[in-house]
Amino acid sequence: MADPAAPSKLTTAATPARTLVGRVAVGWLITCFLIGTFAGLLAWFFPRLLALMGADLTHVDSVGNVFPQVFMVLGTFVALLVGLTVAIIEHEQRRSLRDIFFAALGLPTLILGTIGTQATQQNMSEVSRKLTATTSELATQNGVLTRTDVSVPVPPPPAPGKGVSLQVDLLPVAHAQVTGTGNLRQNSIGLQLRQNTYFVIYAQAATREGLASAEEKLRRQSIPYSVVQGSRGDFLLVPPGDNYIQGYTDAVLAGSRARAAGVEAFISPTQR
């Protein structure tokens with residue numbers, strides 16, 4: 001009589017099969033994890049590798065600028081996270097390795113795009129602060145004053161640029177309350193820098209004849225100008241066309257060139 005406690009032949013034969021199935025399942029799980037991790041690393045670091053190809057390697061810190069330590073650590077963490085996610089999602093599936101790889105590329109690409117956009121906006125904000133400080137210093141050194149007692153006719157606003165963009169305001173410190181659309185060059189897509197707008201006024205006089213001296217000085221320096229009449233009846237020398245409304249930096253530069261020619265140029269915010 002057979003011992004009831006002894007394992008049956010069927011059970012004994014099924015044990016190696018279950019072991020084999022378990023090993024196959026673990027192997028597939030590891031494969032999915034590795035594919036996801038590789039896809040994460042590729043999506044995270046490949047764009048920076050392309051940037052490194054165009055970097056100036058004569059500088060020692062070029063590689064460090066392209067691959068900072070925080071970027072490396074974060075990229076590794078994201079790649080491992082993508083690998084774990086893919087392993088969890090795909091462990092019961094039997095899709096082709098190609099399908100798994102291309103599906104895994106999506107998550108790190110989305111994360112990298114979000115982080116990259118945020119980092120770019122922060123960098124542009126830092127650039128804007130430095131540009132505003134430099135422009136304000138230039139205006140002070142060249143004597144380009146900001147006046148609010150002048151009003152000139154405002155031309156129609158320029159046609160908006162096509163495409164979708166994010167705008168980063170460049171606010172002069174002393175005039176942060178002023179707003180304007182700006183006449184900076186419009187990008188078709190991407191981040192745009194938008195400054196407050198100012199009137200550029202080369203000279204001001206109560207009569208048309210009172211501008212003769214300033215006109216002569218501008219002609220000597222080949223600085224183009226036109227004459228407009230302000231709302232108070234005075235006469236103003238301004239850049240021709242719509243160019244007498246410019247962003248803060250361009251307005252200060254235009255005023256500085258005019259003052260170098262010997263005229264009392266100044267700028268005035270378009271909205272007060």
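Computed from heavy atoms alone, side chains included, the values below leave out hydrogens, waters and symmetry copies. Quick caveat: nothing in here was measured; it's all calculated off a predicted structure.
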Pairing residues for Thr37 by the side-chain hydrogen bond (donor to acceptor under 3.5 Å, both in side chains) criterion, not counting sequence neighbours
none
I'd like to check Phe38 versus Phe101 (side-chain heavy atoms, cut-off strictly below 4.5 Å). Are they in contact?
yes
Within the structure provided, determine whether Thr249 and Leu131 are in side-chain contact (heavy-atom separation under 4.5 Å).
yes
Mind checking what makes side-chain hydrogen bond (donor to acceptor under 3.5 Å, both in side chains) contact with Gln122, not counting sequence neighbours?
none
List the residues meeting side-chain contact (heavy atoms from CB on, under 4.5 Å) with Gln221, not counting sequence neighbours, and say none if there are none.
Ile223, Ala261
Hey, are the side chains of Val238 and Ser226 touching, using non-hydrogen atoms and a 4.5 Å cut-off?
yes
In a table with atom names and distances, give each donor-acceptor pair under 3.5 Å that connects a side chain of residues 71-85 to protein atoms at least two apart or in another chain.
unit_1	atom_1	unit_2	atom_2	d
Thr76	OG1	Met72	O	3.0
Thr85	OG1	Leu81	O	2.8

Those residues at least two apart in sequence (or on a different chain) that pass side-chain contact (heavy atoms from CB on, under 4.5 Å) with Arg208 are Leu211, Glu215, Val227, Phe235
OH-CG distance between Tyr225 and Leu218, expressed to the nearest 0.5 angstrom:
7.0 Å
Spell out, yes or no, whether Leu41 and Leu49 are grouped together once hydrophobic residues are joined by side-chain heavy atoms under 4.5 Å, including indirect joins.
yes
For Arg257, salt bridge (charged side-chain N to carboxylate O under 4.0 Å, His left out) partners two or more places apart
none
If you take all heavy atoms of Pro269 and Thr146, which pair is closest and at what distance?
CD-CG2, 3.8 Å
What is the minimum heavy-atom distance between Ser128 and Ser125, and which atoms define it?
OG-O, 2.5 Å
With heavy-atom distances below 4.5 Å as the criterion, would you say the side chains of Thr270 and Phe199 are in contact?
yes
side-chain contact (heavy atoms from CB on, under 4.5 Å) partners for Phe102, two or more places apart:
Arg98, Leu105
Flag side-chain contact, heavy atom, 4.5 Å: Leu138 against Leu253:
yes
List the residues meeting side-chain hydrogen bond (donor to acceptor under 3.5 Å, both in side chains) with Asp99, not counting sequence neighbours, and say none if there are none.
Ser96
Can you tell me how far the CG atom of Leu236 sits from the CZ atom of Phe266, to the nearest 0.5 Å?
6.5 Å
Approximate separation, where rounding is to 0.5 Å, of Cys32 SG and Arg95 CZ
9.0 Å
Roughly how far, to the nearest 0.5 Å, is the CD1 atom of Ile201 from the OG atom of Ser268?
5.5 Å
Assess the pair Tyr248 and Tyr198: is the distance between their ring centroids shorter than 6.0 Å?
yes
For Glu126, side-chain contact (heavy atoms from CB on, under 4.5 Å) partners two or more places apart
Arg129, Lys130
For Ala254 and Tyr202, work out which heavy atoms get closest and say how close.
O-CE2, 3.9 Å
Co-membership, hydrophobic cluster, residues Trp44 and Phe46, 4.5 Å side-chain:
yes
Holding to side-chain hydrogen bond (donor to acceptor under 3.5 Å, both in side chains), I want the full list of residues that pass it with Glu216, two or more places apart in sequence or in another chain.
Arg219
Partner set under salt bridge (charged side-chain N to carboxylate O under 4.0 Å, His left out) for Glu264, not counting sequence neighbours
Arg259
Quick one: closest heavy-atom pair of Ala265 and Gly255, and the distance?
CB-O, 3.7 Å
At what distance, to the nearest 0.5 angstrom, does CD1 of Ile100 lie from CD1 of Ile89?
10.5 Å
Looking at residues at least two apart in the chain, or sitting in another chain, which of them share a salt bridge (charged side-chain N to carboxylate O under 4.0 Å, His left out) with Glu209?
none
Quick one: closest heavy-atom pair of Ala104 and Val86, and the distance?
CB-CG2, 3.7 Å
Between the CD1 atom in Ile245 and the CD1 atom in Ile267, the distance rounded to the nearest 0.5 Å is 13.0 Å
Could you go through the side chain to side chain contact (heavy atoms under 4.5 Å, CB included) check for Asn142 and Val252 one step at a time?
CA-CA 9 Å; Asn142 293 337; Val252 169; 5.9 Å; no
